[in-house]
Amino acid sequence: MVDPRIEIRQGDITKIRVDAIVNAANQSLLGGGGVDGAIHRAAGPRLLEACTALNGCPVGDAKITGGYDLPAKYVIHAVGPIWHGGLRNEKEMLASCYQKSLQLAVDHDCKTIAFPNISTGIYRFPKKEAAEVAIGKVRDFLTHHASIEKVVFVCFDEENLLTYQHFLDK
Ligand code: ADP
């Protein structure tokens, strides 16, 4: 089923003007490589200061800060699971990241949210499985939350873009 509130875009999530962008963070919340590094560079040093005060975040959970120098008002730092073959509840933990992020967004009156492809970079989650989890969870959440106007999946690489297009058309 197609929900017109779900959009796919290829590009850099730090450039997107939405109420909240989601970061694929690690448990320390103190920055890292990939999209995390890009978000910290674009948001400026006040983001690291805010993250330091959060004392980390468990896998499958999320915490929120301001967006500082970003076009987005908030950054939601979600900690995805590292892929270990699929027998360590990786899918459930990834689904939980999306659920917790969306709930935080609603709690802060965000109407537009952008997600990167959490866990599909350094954390090696297979892209097809990750896309199924992400789209399934977002679709499910949207059916119960009319206040959200738009969820953008920002795909950095073409493989993720094609994978998301495939599952969204289903
Ligand atoms: P993880 O550790 O959760 O795997 P990564 O940052 O390594 O996090 O990768 C998550 C996804 O974010 C990957 O698909 C990667 O291609 C993508 N990515 C990297 N930089 C950006 C960016 N600037 N904007 C959006 N997505 C990005």
Side-chain angles (χ1 to χ4, degrees), residues 6-45 47-48 51 54 56-102 104-105 110 112-138 150-168:
I6 300 179
E7 199 184 290
I8 314 169
R9 258 191 250 173
Q10 189 169 14
D12 179 352
I13 201 165
T14 65
K15 306 272 193 279
I16 308 246
R17 191 169 295 278
V18 283
D19 296 330
I21 63 167
V22 178
N23 182 15
N26 58 52
Q27 286 182 80
S28 78
L29 298 186
L30 299 179
V35 70
D36 197 1
I39 288 173
H40 275 271
R41 279 192 296 279
L47 182 62
L48 182 57
C51 285
L54 297 175
C57 181
V59 177
D61 208 346
K63 292 191 177 179
I64 192 164
T65 64
Y68 304 101
D69 297 341
L70 288 164
K73 186 171 177 198
Y74 294 107
V75 179
I76 295 171
H77 306 266
V79 183
I82 298 173
W83 180 259
H84 288 291
L87 299 175
R88 297 196 198 171
N89 289 327
E90 291 97 326
K91 282 190 182 178
E92 290 77 8
M93 294 206 278
L94 187 62
S96 170
C97 276
Y98 282 90
Q99 169 80 27
K100 296 277 175 87
S101 299
L102 289 162
L104 268 179
C110 297
T112 54
I113 305 139
F115 280 98
N117 311 127
I118 300 172
S119 284
T120 68
I122 298 157
Y123 283 1
R124 304 182 320 269
F125 207 109
K127 290 178 180 171
K128 186 172 155 288
E129 280 84 351
E132 269 184 302
V133 168
I135 292 169
K137 180 49 76 181
V138 167
K150 189 168 287 296
V151 175
V152 188
F153 288 114
V154 183
C155 301
F156 201 57
D157 55 275
E158 194 166 5
E159 190 187 342
N160 262 317
L161 180 74
L162 295 174
T163 307
Y164 271 75
Q165 276 166 348
H166 172 76
F167 283 113
L168 261 192

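Start at 1 and go down the list; that is how both ligands and their atoms are numbered. The figures that follow rest on heavy atoms only: side chains count, while hydrogens, waters and symmetry mates do not. Just so you know, these numbers come straight off a predicted model, no measurement behind them.
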| said: Measuring only between side-chain heavy atoms, which start at C-beta, is K91 closer than 4.5 Å to P81? | reply: no
| request: Give yes if a backbone or side-chain nitrogen or oxygen of D36 is under 3.5 Å from a nitrogen or oxygen of ligand 1, and no if not. | output: no
| task | Tell me which protein heavy atom sits closest to atom 4 (O) of ligand 1, plus the residue, atom name and distance to 0.1 Å. | result | G121 N, 2.8 Å
| query | Can you tell me the protein heavy atom closest to atom 10 (C) of ligand 1 and the distance? | reply | N117 O, 3.4 Å
| said: At less than 4.0 angstrom from any non-hydrogen atom of D157, what atoms of ligand 1 do you find? | reply: 14 (O), 16 (O)
| said: Are the side chains of Y164 and N117 in contact, using a 4.5 Å heavy-atom criterion? | reply: yes
| task | For the residue pair I118 and L94, establish whether any side-chain heavy-atom pair is separated by less than 4.5 Å. | result | yes
| query | For atom 8 (O) of ligand 1, which protein heavy atom lies nearest, and how many Å away is it? | reply | A24 CB, 3.8 Å
| task | Specify the protein heavy atom at minimum distance from atom 21 (C) of ligand 1: its residue, its atom name, and the distance to 0.1 Å. | result | F156 CD1, 3.4 Å
| Does the side chain of F115 come within less than 4.5 Å of I76's, by heavy atoms? | no
| 4.5 Å side-chain heavy-atom contact, R88 and V59 | no
| query | Which bit of N160 is near ligand 1, meaning a heavy atom under 4.0 Å away: side chain, backbone, both or neither? | reply | side chain
| request: Would you mind reporting whether F156 and P116 have side-chain heavy atoms less than 4.5 Å apart? | output: no
| query | Any idea which atoms of ligand 1 are less than 4.0 Å away from a heavy-atom of A38? | reply | 23 (N)
| Is there a heavy atom of G11 sitting under 4.0 angstrom from any atom of ligand 1? | yes
| note | For atom 23 (N) of ligand 1, the closest protein heavy atom turns out to be D12 OD1, 2.9 Å
| said: Measuring from atom 12 (O) of ligand 1, which candidate in N23, V35, T14 has the nearest non-hydrogen atom? | reply: V35
| field | From I122, T120, V154, I13 - option closest to atom 13 (C) of ligand 1 by heavy atom | value | T120
| task | Mark yes when over 12 heavy atoms from residues, nucleotides or ligands other than K150 sit less than 6.0 Å from its NZ; otherwise mark no. | result | yes
| Do K127 and E129 sit within salt-bridge range, that is, some charged N less than 4.0 Å from a carboxylate O? | no
| field | Heavy-atom side-chain contact between P71 and I16 under 4.5 Å | value | no
| atom 3 (O) of ligand 1: the protein heavy-atom neighbour that sits closest, reported with distance to 0.1 Å | S119 N, 2.9 Å
